[in-house]
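Here, residue 1 is the first one in the sequence, and each next residue gets the next number.
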Amino acid sequence: MNLDGVVFQLLQNGLNAAQLRQQVYANNIANVDTPGFQRQDVVFEDFLQSVLGADPGREGVGTPSAAAWTAALQVSPQVVTDRASVVDNNGNNVDIDAEMAKLAQNQIRYNTLVEDVRMRLDRLKTAIEG
């Protein structure tokens with residue numbers, strides 16, 4: 001198994017999840033005054049961690065097996081509707097301050113992933129060119 005290829009694919013999946021999350025938060029903000037609207041969120045990292053952490057065939061502490069890495073590639077982000085949070089009188093449960101904070105946090109996550117990809121590509125370029 002080419003671990004570099006797996007890592008690049010996981011980074012791409014993370015970027016896709018962050019992009020989807022940005023769209024979901026923007027939609028939540030756009031519907032802050034819509035009666036009956038239920039906020040949504042994106043679940044990805046928890047699914048990924050459960051796949052990598054729940055592997056009984058772990059090769060060592062902190063090192064998932066090849067099977068776990070392969071399973072991690074199948075994890076995709078999912079949009080979930082938040083039905084557990086407090087609802088206003090109009091049935092809307094969007095808290096604009098919380099959504100803006102989540103939007104900023106997601107932007108930082110996206111930028112970090114992009115920086116990780118850039119650094120890995122720079123190392124490959126250095127290895128090839130010397």
Side-chain angles (χ1 to χ4, degrees):
M1 169 178 274
N2 177 0
L3 194 54
D4 282 338
V6 171
V7 170
F8 274 111
Q9 182 62 47
L10 287 174
L11 286 169
Q12 181 178 351
N13 291 350
L15 287 167
N16 291 341
Q19 180 182 12
L20 177 61
R21 191 173 284 122
Q22 202 79 357
Q23 293 170 352
V24 166
Y25 292 160
N27 188 51
N28 289 344
I29 292 168
N31 286 290
V32 69
D33 292 326
T34 303
F37 181 82
Q38 300 287 294
R39 71 171 301 277
Q40 294 181 316
D41 208 337
V42 173
V43 179
F44 175 70
E45 290 80 7
D46 290 343
F47 291 156
L48 190 61
Q49 188 164 3
S50 69
V51 168
L52 291 175
D55 179 32
R58 294 179 72 142
E59 296 172 351
V61 175
T63 307
S65 68
W69 287 113
T70 302
L73 293 176
Q74 304 305 315
V75 174
S76 59
Q78 293 183 10
V79 177
V80 294
T81 300
D82 178 7
R83 299 187 193 286
S85 63
V86 177
V87 178
D88 285 345
N89 290 337
N90 65 2
N92 186 312
N93 64 353
V94 176
D95 177 349
I96 189 70
D97 293 332
E99 294 301 321
M100 295 300 287
K102 289 177 183 283
L103 197 66
Q105 180 184 27
N106 189 55
Q107 185 63 51
I108 292 169
R109 182 188 323 240
Y110 184 86
N111 291 345
T112 301
L113 290 170
V114 168
E115 184 64 18
D116 192 336
V117 170
R118 189 193 63 74
M119 288 173 40
R120 289 175 189 276
L121 290 175
D122 283 349
R123 282 196 304 257
L124 281 175
K125 182 179 176 185
T126 300
I128 292 170
E129 295 177 353

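- Atom CG of Asp116 is separated from atom CZ of Phe8 by 8.0 Å, given to the nearest 0.5 angstrom.
- Side-chain atoms of Gln22 do not come within 3.5 Å of backbone N or O of Ala17 as any donor-acceptor pair.
- Here CG of Leu124 is found 11.0 Å from CD of Glu129. Values are rounded to the nearest 0.5 Å.
- Residues satisfying the salt bridge (Lys or Arg N to Asp or Glu O under 4.0 Å) test with Arg118, not counting sequence neighbours, are Glu115, Asp122.
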Worksheet item: Can you check side-chain contact (heavy atoms from CB on, under 4.5 Å) on Asn106 and Lys102, steps first, answer last?
Response: CA-CA 6 Å; Asn106 189 55; Lys102 289 177 183 283; over 6 Å; no
Item to complete: Determine, stepwise, if the pair Gln23 / Asn27 fulfils side-chain hydrogen bond (donor to acceptor under 3.5 Å, both in side chains).
Response: CA-CA 6 Å; Gln23 293 170 352; Asn27 188 51; over 6 Å; no
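- Checking Asn111 against Gln107 by side-chain atom types alone, a donor-acceptor pair falls below 3.5 Å.
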Fill in: Stepwise side-chain contact (heavy atoms from CB on, under 4.5 Å) test for Val94 and Glu99
CA-CA 7 Å; Val94 176; Glu99 294 301 321; 3.7 Å; yes
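- Using a 4.5 Å cut-off between side-chain heavy atoms of Ile, Leu, Val, Met, Phe, Trp and Tyr, with links allowed through other members, Val42 and Leu11 fall into different hydrophobic clusters.
- Under the 4.5 Å side-chain heavy-atom criterion for grouping Ile, Leu, Val, Met, Phe, Trp and Tyr, Val43 is connected to Leu10 within one hydrophobic cluster.
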Fill in: Pair Trp69-Leu52, side-chain contact (heavy atoms from CB on, under 4.5 Å): steps then yes or no
CA-CA 7 Å; Trp69 287 113; Leu52 291 175; 4.1 Å; yes
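- Across every non-hydrogen atom of Val32 and Asn92, the tightest pair is O-ND2, 3.1 Å.
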Practice prompt. Could you go through the side-chain contact (heavy atoms from CB on, under 4.5 Å) check for Leu103 and Ile29 one step at a time?
Written response: CA-CA 10 Å; Leu103 197 66; Ile29 292 168; 4.0 Å; yes
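- In the hydrophobic cluster analysis, where Ile, Leu, Val, Met, Phe, Trp and Tyr join through side-chain heavy atoms closer than 4.5 angstrom, Leu48 is grouped together with Val7.
- Heavy-atom minimum distance, Ser85 versus Asp82: OG-OD2, 3.0 Å.
- Grouping the Ile, Leu, Val, Met, Phe, Trp and Tyr side chains by contacts below 4.5 angstrom, directly or via other members, places Leu15 with Leu121.
- With rounding to the nearest 0.5 Å, the separation of CZ in Phe44 from CZ in Arg21 is 8.5 Å.
- With Asn31 as the partner, the side chain to side chain donor-acceptor pair (under 3.5 Å) test is satisfied by one option alone out of Thr34, Asp33, Asn28: Thr34.
- In this structure, the separation between CG on Leu73 and CD on Gln9 is 6.0 Å, given to the nearest 0.5 Å.
- One distance of note links CG of Leu113 with CD of Gln19; it measures 12.0 Å at 0.5 Å rounding.
- Panel note: side chain Asn93, backbone Arg39; a donor-acceptor pair is recorded below 3.5 Å.
- Within 6.0 Å of the OH atom in Tyr110, the count of heavy atoms belonging to other residues, nucleotides or ligands does not exceed 12.
- Residues Phe47 and Leu20 are members of separate hydrophobic clusters, defined by side-chain heavy-atom contacts under 4.5 angstrom among Ile, Leu, Val, Met, Phe, Trp and Tyr.
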